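Here's the structure we're looking at; comments come further down.
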There are 2 protein chains.
Amino acid sequence: MEINKVTIHDIAKALSIDSSTISRALNDSPRVKKKTKDRILHKAQEMGYQRNLLASNLRKNITNTIGVVVPRISRHFFSSVIQGVEETAYQAGYNVIICQSLEQLEREKKIIETLMANRVDGVLISISMETMDYSHMEALKNGGVPLVFFDRHCNIPDTNNVLIDDFKGGFDATQHLIVSGCKNIVHFSGPQALGIYKKRLEGYKAALSENNLPFREEYVISSRLMEQDGIENVKKIVTDNLDFDGIFSANDVAAIGAIKYLTNNNVKIPEDVAIVGFSNEPISTVINPALTTIDQPGFEMGKTATDLLLKYIKNQNGIKKSQTIIMDSNLIERQSSKKVRARNI
Amino acid sequence: MEINKVTIHDIAKALSIDSSTISRALNDSPRVKKKTKDRILHKAQEMGYQRNLLASNLRKNITNTIGVVVPRISRHFFSSVIQGVEETAYQAGYNVIICQSLEQLEREKKIIETLMANRVDGVLISISMETMDYSHMEALKNGGVPLVFFDRHCNIPDTNNVLIDDFKGGFDATQHLIVSGCKNIVHFSGPQALGIYKKRLEGYKAALSENNLPFREEYVISSRLMEQDGIENVKKIVTDNLDFDGIFSANDVAAIGAIKYLTNNNVKIPEDVAIVGFSNEPISTVINPALTTIDQPGFEMGKTATDLLLKYIKNQNGIKKSQTIIMDSNLIERQSSKKVRARNI
DNA sequence: CTGTTAGCGCGTTCAA
DNA sequence: TTGAACGCGCTAACAG
């Protein structure tokens with residue numbers, strides 16, 4: 001019931017050995033005789049000693065901890081990234097602090113501040129949709145904290161990024177819809193301040209152009225890509241009587257909203273409207289097995305980003321000042337997507 | 001580019017004021033003249049001072065941080081709990097460390113160890129499916145760390161818990177199926193070492209009994225309730241030619257697996273097989289709007305559990321040694337569940 | 001209101 | 001191989 005207050009000094013006193021030796025023993029230093037070490041470790045165990053990492057980290061000026069900041073942990077893509085981060089970090093002896101910005105800039109700033117105050121050794125981040133001012137990122141850089149962006153990155157010079165090829169993804173998605181017979185493809189886009197959404201839109205445009213299809217402003221709808229946005233978006237184009245037979249959604253959540261709305265209104269997918277979304281969310285295939293996705297390899301991105309970050313933290317030689325890694329993201333056709341839309345055959 | 005090394009002493013030197021005054025000013029103590037405080041804050045900003053929480057916490061022997069341990073952050077129930085925890089904690093000036101055990105006892109133990117080493121002020125936890133030895137929980141208690149279990153709790157004396165009425169939930173779920181016309185109800189259960197699954201099973205039995213329906217061992221299938229388990233479970237009873245018209249799943253994930261399998265095999269839900277699952281997962285209603293759920297109020301549980309924990313941390317008077325709070329969890333019928341199964345009318 | 005002094009618990013010099 | 005002493009950065013106690 002009593003608060004644990006056993007320190008190395010308590011062990012030292014109990015054993016009539018100096019605390020510095022206790023410290024060395026607990027850190028498995030080779031400079032302590034095996035016999036003494038055993039005695040100390042045994043006694044520590046017996047007294048219920050718990051190392052105080054605060055003190056240890058303060059002294060060493062290193063925390064062996066990295067922070068990872070995502071918009072929402074509940075989004076499958078992000079939680080799979082976190083999985084990859086944890087696996088790689090733990091293996092390397094690092095702890096991970098998970099933080100979610102909830103897409104709010106204010107929270108993101110606060111998080112960065114807290115991480116810095118807690119002296120994390122490095123930070124992995126995918127920025128919020130509200131993030132357009134990068135002062136907190138600059139603060140991190142100025143603080144000398146190694147930093148790696150993944151997926152949603154910042155437009156600032158000399159940064160490390162782990163990304164997918166968003167232009168190609170947008171192109172592939174659109175191309176797939178076109179090949180499936182779609183001629184009027186709506187694009188659900190995100191905030192243009194985020195490079196990933198800009199690139200996906202560019203890919204969309206390029207695919208249209210390559211297939212001699214017109215680009216029409218009214219076929220691009222920007223939103224924050226929440227499920228409700230997907231619902232509203234599709235509701236709007238339906239009530240506007242916009243002629244459409246395909247949707248390329250910049251994420252899966254909005255695509256799910258669209259599927260939900262369309263299904264409730266007896267629109268068949270993919271027969272009436274084909275849909276492609278960026279995602280690595282297995283659940284979306286349950287909702288509608290016809291949902292083709294541009295697969296974002298979250299787990300691998302997490303591992304890759306962490307590897308990169310750890311290199312910078314350990315200041316390993318031979319690494320560049322800054323670098324960007326582009327990962328593969330393949331278009332995955334699901335089960336029923338073979339049933340190409342009838343009216344276009 | 002240089003690592004931030006500005007300390008209160010640097011500010012003190014720059015201003016020819018003692019560092020203790022700097023400290024007081026930065027903590028907004030009323031015992032510093034407004035004028036001086038402004039000068040200090042300004043200078044701190046200018047020099048890019050970043051408080052070192054490690055040192056501060058070490059000195060104060062308080063971290064203003066609570067740890068929350070869940071099996072998986074990607075499970076909607078748990079991430080909604082975390083939402084509630086964060087909201088309440090932040091409001092009270094506390095930080096939150098999120099940890100996931102991934103249902104592994106070893107990881108859970110390691111996490112508790114790390115949290116203790118980092119001197120968190122308290123811990124909220126929902127234990128893993130593997131957790132049957134409670135030594136790490138005892139260690140926490142012995143360390144004097146306030147502890148609150150939510151949902152998946154431990155069978156040890158004098159603990160604080162925030163739970164739902166699992167017996168009632170199991171009863172209601174089964175009763176609902178019976179009222180809908182089901183006579184042969186399968187129950188997907190979890191590890192019986194966890195009280196919640198035991199209680200849900202008891203509720204199931206009680207409802208059967210009250211309706212003069214037989215309890216049959218072969219209608220209860222225990223698993224770890226992953227999506228794949230749901231698939232395997234239902235596959236097994238189908239190939240076994242077990243006669244069933246209803247499923248009560250102890251969680252939503254397994255229910256989703258079952259829905260997936262059944263739908264792929266042209267079994268109509270709820271017309272052929274009605275399903276009820278414990279859940280607060282909105283996505284499940286998208287997958288099949290007919291899925292009735294026993295709603296687990298994750299967000300509220302998170303808030304309640306945090307409130308309770310903070311009371312213990314602050315050692316507020318008038319609180320009991322230990323207590324258990326039972327929260328309401330209502331059965332929620334979805335859209336199409338009104339279409340009661342035809343063949344039973 | 002501000003300065004002085006003394007640690008929080010640990011790890012790392014430098015001696016012995 | 002071990003001990004003595006110092007300091008990481010900060011805050012609390014006591015003066016003044």
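In the text below, chain A, chain B and the rest are named by the order of the sequence lines, each starting its count at 1. If you're wondering where the values come from, they're calculated on a predicted model, not measured in any experiment.
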Rounding to a whole Å, what distance do you find between [X]:[atom1] and [N]:[atom2]?
X: L58(A); N: dC10(D); atom1: CG; atom2: P; result: 9 Å
X: L54(B); N: dG7(D); atom1: CG; atom2: C1'; result: 15 Å
X: H9(B); N: dG7(D); atom1: NE2; atom2: C1'; result: 11 Å

With sequence neighbours left out, write down each residue that passes salt bridge (charged side-chain N to carboxylate O under 4.0 Å, His left out) with [X], or none if nothing qualifies.
X: R59(A); answer: none
X: E46(A); answer: K43(A)
X: K303(A); answer: E87(A)

*Between which nucleotides of DNA chain C, read 5' to 3', does contact with chain A run, using atoms under 4.0 Å from its heavy atoms?*
dG9(C) to dC14(C)
With sequence neighbours excluded, residues passing side-chain contact (heavy atoms from CB on, under 4.5 Å) with [X]:
X: D28(A); result: K37(A)
X: T63(A); result: N57(A), T65(A), R119(A), D121(A), L54(B)
X: A92(A); result: Y94(A), L310(A), K314(A)
X: E300(B); result: P297(B), M327(B)

*Partners passing side chain to side chain donor-acceptor pair (under 3.5 Å) against R107(A) (at least two apart in sequence or in another chain)*: E86(B)
*Describe the nucleic acid contact of S23(B) in one word from base, sugar-phosphate, nothing, applying a heavy-atom distance below 4.0 Å.*
base
*Output yes when D307(A) and K311(A) qualify as a salt bridge under the 4.0 Å nitrogen-oxygen rule, no when they do not.*
no
*Mind jotting down which residue pairs meet the salt bridge (charged side-chain N to carboxylate O under 4.0 Å, His left out) criterion with at least one end in residues 6-22 of chain A? Sequence neighbours excluded, please.*
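Found none.
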*Is the distance from OP1 or OP2 of dC8(D) to the nearest side-chain N or O of N57(A) less than 4.0 Å?*
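For N57(A), the contact criterion (side-chain N or O under 4.0 Å from OP1 or OP2 of dC8(D)) is not met.
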*Reported CZ-to-CD1 distance for the pair F149(B) and I156(B), which is rounded to 0.5 angstrom*: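 Answer rounded to 0.5 Å: 4.5 Å.
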*Angle, rounded to 10°, between the helical axes spanning five pairs at each terminus of the helix from dC1(C)-dG16(D) to dA16(C)-dT1(D)?*
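One end axis against the other gives 30°.
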*How would nucleotides 1-6 of chain D be written as a contact map, 5' to 3', with B for base contact, S for sugar-phosphate-only contact and - for no contact, using protein heavy atoms under 4.0 Å?*
SBBB--
